[in-house]
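As a basis for the values below, the full set of heavy atoms in this structure was taken, side chains included, without hydrogen atoms, waters or symmetry mates.
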Amino acid sequence: EVLFVYSVMSLLMILNGLARKADGDQTPQSQSADGDTQLNWTRRIERLIEEARKPGPLPAVLKTMCEQVSIIAHADVVSVYVREQSKDGDILIMRANVGFPAAAIGHVRLRLGEGITGTAAEVMRPISASIGSEDRHYKYIPELGEEKYPSFLAIPLFVRGAAAGVLVLQRSEASVFTPAEVALATALATTFAHALEDSRGNESTELAPRSARLVGVSCVSGIALGRALMLGTLEAIRERASAISDPALAAEKGFSDVAG
């Protein structure tokens, strides 16, 4: 617990220092005023960490954390989607938000791989877009009115090696989140992951990592190391695989043992 607090505070202070350095030199007057800003920023970080460790209903904890992050990260909208199980498989449900109508909480649901948010959870990496609606993964949700907040950043929340949710930041200004801002949001996301892990406690239910074993065709003998590019979501791969009734033919086409 102490290590978690120390690690998050250290990382956030380093990121803030880098961001300040990127802004260039300041006059003595601005440095003095910035000292007060730095103190307020630090206090907000401390409060965010305190909220992540606070016992109580998860939605209330996440709501307060969203309010803090909206100020720290200068975001007009902050949403937290939590990965939960349903009869149709794992889904992402909006459990806390600042900036959207309150009615959206608990009602906005996305499958893994659906929309920018669902895709971030599936590929387990941040996704940023200066204009979200122009991203190929974008999914329009009418009741949100998010067209007013085009700048989009989705950060997966990791618990025990699996994506347990997604932190989403949006801004009214159509500009991409800078690498420093993505790094800051990723650090902030660790506090949400900590809150989710605490809320699960000793639950026996584990979040299964997303994986698939695909059979390829060898062109040159030997051993190779590298990264694989997944074209389409795992759901799309399963759908194509299920359309092939003959197991032997499915294996021949590279759809053998698709799992996840």
| request: Decide side chain to side chain contact (heavy atoms under 4.5 Å, CB included) for Tyr149 and Leu144; before the verdict, give the C-alpha distance in whole Å, the side-chain angles of both, and the deciding distance to 0.1 Å. | output: CA-CA 10 Å; Tyr149 309 101; Leu144 293 183; over 6 Å; no
| request: Report the C-alpha distance between Val69 and Phe192 in whole Å, list the side-chain angles of each, state the deciding distance to 0.1 Å, and finish with yes or no for side chain to side chain contact (heavy atoms under 4.5 Å, CB included). | output: CA-CA 10 Å; Val69 168; Phe192 287 87; 3.5 Å; yes
| said: Could you go through Leu188 and Ile45, starting from their C-alpha distance and side-chain angles, then the distance that decides it, and tell me whether this counts as side chain to side chain contact (heavy atoms under 4.5 Å, CB included)? | reply: CA-CA 9 Å; Leu188 294 173; Ile45 294 296; 4.0 Å; yes
| Is there a side chain to side chain contact (heavy atoms under 4.5 Å, CB included) between Val80 and Leu157 once you walk through the steps? | CA-CA 9 Å; Val80 177; Leu157 307 176; 4.3 Å; yes
| said: Between Glu51 and Lys54, does the salt bridge (Lys or Arg N to Asp or Glu O under 4.0 Å) criterion hold? Intermediate values first, please. | reply: CA-CA 5 Å; Glu51 289 297 330; Lys54 183 181 295 184; 2.8 Å; yes
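Other residues sharing the hydrophobic cluster of Val176, ordered by chain and number and joined by side-chain separations under 4.5 Å: none, the residue standing alone.
Closest non-hydrogen pair, Met124 versus Gly161, comes out as SD-O, 4.4 Å. Between Leu153 and Ala185, the shortest heavy-atom distance links the atoms CD2-CB, 3.7 Å. Glu114 approaches Arg111 most closely through the heavy-atom pair OE1-N, 2.8 Å. Between Thr191 and Ile49 the shortest heavy-atom distance is CG2-CG1, 4.2 Å. Across every non-hydrogen atom of Asp198 and Arg53, the tightest pair is OD2-CA, 4.4 Å. Between Pro101 and Glu143 the shortest heavy-atom distance is CG-O, 4.0 Å.
By the side chain to side chain contact (heavy atoms under 4.5 Å, CB included) test, Ala75 is found to be paired with Val78, Leu169, residues two or more places apart in sequence or in another chain being considered. Residues satisfying the side chain to side chain contact (heavy atoms under 4.5 Å, CB included) criterion with Ile91, sequence neighbours excluded, are Ser86, Ile93, Arg109. Qualifying side chain to side chain donor-acceptor pair (under 3.5 Å) partners for Lys148, counting only residues two or more places apart in sequence or in other chains: none. Take Leu58 and apply the side chain to side chain contact (heavy atoms under 4.5 Å, CB included) test, not counting sequence neighbours, and it matches Leu62, Leu196, Ser199.
Annotation: side chain to side chain donor-acceptor pair (under 3.5 Å) contacts involving residues 127-136, sequence neighbours excluded, are absent. Residue pairs meeting the salt bridge (Lys or Arg N to Asp or Glu O under 4.0 Å) criterion with at least one member in residues 91-103, sequence neighbours excluded: Glu84-Arg95. Within the structure, the side chain to side chain donor-acceptor pair (under 3.5 Å) test picks out the following pairs touching residues 161-175 (sequence neighbours left out): Asp76-Ser172, Glu146-Gln170, Arg171-Glu181. Sorted by first then second residue, the salt bridge (Lys or Arg N to Asp or Glu O under 4.0 Å) pairs that include residues 59-70, not counting sequence neighbours, number zero.
If you take CD on Gln68 and CG on Leu48, they are separated by 6.5 Å, rounding to the nearest 0.5 Å. Taking SG from Cys66 and CG from Leu167, the interatomic distance works out to 7.0 Å, rounded to the nearest 0.5 Å.
With respect to the salt-bridge test (charged N to carboxylate O, under 4.0 angstrom), the residues Glu50 and Arg47 do not qualify.
With contacts defined as side-chain heavy-atom distances shorter than 4.5 Å, the pair Phe100/Val108 does not qualify. The closest side-chain heavy-atom distance from Ile141 to Leu110 is below 4.5 Å. Looking only at side-chain heavy atoms (C-beta outward), Thr186 and Pro126 come within less than 4.5 Å of each other. Between Val77 and Val168 there is no side-chain heavy-atom pair separated by less than 4.5 Å. Considering only heavy atoms from C-beta on, Leu112 comes within 4.5 Å of Arg83 through its side chain.
Following chains of ILVMFWY side-chain contacts shorter than 4.5 Å, one can reach Phe152 starting from Tyr140, so the two form part of one hydrophobic cluster. Leu92 and Val98 sit in two unconnected hydrophobic clusters of ILVMFWY residues. Membership requires side-chain heavy atoms under 4.5 Å apart, directly or through other members.
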